[in-house]
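Since we're looking at a predicted model, the values are computed, not measured.
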Amino acid sequence: MTAPAGTRSTASRLAGHNRISTQALSSTAQAVAAEHFGIPASAIRVSWSDDEGLLALSLALPVTMPPLDAVVKDPGLVERTGGSVWERVHAAKPVLLQRITYLTGSILSLVDIRVTGIRVQEGSRVR
């Protein structure tokens, strides 16, 4: 069947390429990680690598934690604020992978997170 005169078929309207720049991917990854960890996006370093045709994301970032004197006074505070650094980072990986994949349409194979420091979070709840 042919398309009516003056109209284009669905296939021809979809022809072409869509490309998302590395900068756009990086900015999106920074924003998602910043929101998740409650830190400024500028504190997050992003790098990408090829993982057998898929994108592997590496993040380097500081993690917020409650003040140590508050933890000494209330040992349960660590659990109530998201757990240890390792637990929080480990739990964040699938969440970040899913969210960044959803927002960008790019298929990520994995998310690696390297903790570069600790930021003491005074007064408010740590995520």
Side-chain angles (χ1 to χ4, degrees):
M1 178 177 238
T2 60
T7 64
R8 301 175 102 180
S9 71
T10 302
S12 66
R13 282 185 293 182
L14 299 176
H17 297 281
N18 293 322
R19 295 197 174 121
I20 300 173
S21 72
T22 303
Q23 181 58 46
L25 287 171
S26 296
S27 296
T28 303
Q30 281 178 313
V32 170
E35 182 179 283
H36 183 83
F37 286 103
I39 59 174
S42 61
I44 302 168
R45 289 192 316 268
V46 176
S47 62
W48 299 93
S49 60
D50 182 288
D51 184 20
E52 298 180 9
L54 301 176
L55 287 173
L57 170 61
S58 294
L59 299 170
L61 51 83
V63 176
T64 56
M65 292 299 291
L68 293 179
D69 60 342
V71 173
V72 169
K73 292 176 187 172
D74 181 5
L77 183 60
V78 172
E79 282 306 312
R80 290 193 312 275
T81 58
S84 70
V85 171
W86 188 90
E87 290 168 331
R88 293 173 57 213
V89 169
H90 184 71
K93 290 178 182 187
V95 174
L96 297 177
L97 185 140
Q98 185 276 331
R99 184 79 173 139
I100 295 164
T101 296
Y102 174 76
L103 290 171
T104 66
S106 298
I107 301 172
L108 278 63
S109 60
L110 60 90
V111 175
D112 284 328
I113 301 174
R114 187 179 75 182
V115 177
T116 59
I118 301 296
R119 290 183 178 217
V120 176
Q121 186 73 28
E122 299 281 351
S124 64
R125 185 178 181 275
V126 179
R127 297 179 93 182

- Item | Value rounded to 0.5 Å, distance of CZ in Phe37 from CG in Leu61 | 5.5 Å
- Heavy-atom distance under 4.5 Å between the side chains of Leu55 and Leu25, does that happen here? yes
- Task: Nearest 0.5 Å please: distance from the CZ atom of Arg119 over to the CD1 atom of Ile39.
- Result: 6.5 Å
- Polar side-chain atom of Gln30 near backbone of Ile44 as donor-acceptor pair, under 3.5 Å: yes
- Shared hydrophobic cluster, Ile20 / Leu57 (ILVMFWY, side-chain heavy atoms < 4.5 Å): yes
- Task: Indicate yes or no for a side-chain donor-acceptor contact from Asp50 to the backbone of Gly53 under 3.5 Å, with no hydrogens or angles considered.
- Result: yes
- Pair Ser26, Trp48: side-chain N/O donor-acceptor within cut-off below 3.5 Å: yes
- Message: Side chains of Ser27 and Gln23: any donor to acceptor distance under 3.5 Å?
- Response: yes
- Minimum heavy-atom distance Thr28-Ala24, with the two atoms named: OG1-O, 2.9 Å
- Message: For Thr64 versus Gly38, what's the shortest heavy-atom pair and its separation?
- Response: CG2-O, 4.1 Å
- Task: Check the hydrophobic clustering (I, L, V, M, F, W, Y; side-chain heavy atoms under 4.5 Å; chains of links allowed) and say if Ile113 and Val95 are grouped together.
- Result: no
- Does some side-chain heavy atom of Leu77 sit less than 4.5 Å from a side-chain heavy atom of Glu79? no
- Task: Spell out, yes or no, whether Val46 and Leu103 are grouped together once hydrophobic residues are joined by side-chain heavy atoms under 4.5 Å, including indirect joins.
- Result: yes
- Message: With rounding to the nearest 0.5 angstrom, report the CG to CD distance, Leu54 to Glu52.
- Response: 8.0 Å
- Note on the structure: Note: Ala43 and Pro62 closest approach over all heavy atoms is O-CD, 3.4 Å
- Message: Using every non-hydrogen atom in the two residues, find where Val120 and Pro66 come nearest and quote the distance to one decimal.
- Response: CG1-C, 4.4 Å
- Verdict with reasoning, Met65 to Arg88, per side chain to side chain contact (heavy atoms under 4.5 Å, CB included): CA-CA 10 Å; Met65 292 299 291; Arg88 293 173 57 213; 2.9 Å; yes
- How many angstroms lie between atom NE2 of His36 and atom CZ of Arg99, to the nearest 0.5 angstrom? 12.0 Å
- Item | Val32 reachable from Tyr102 in the ILVMFWY side-chain graph, under 4.5 Å edges | yes
- Identify which one of Leu59, Val89, Thr101 satisfies the side-chain contact (heavy atoms from CB on, under 4.5 Å) criterion when paired with Val111. Leu59
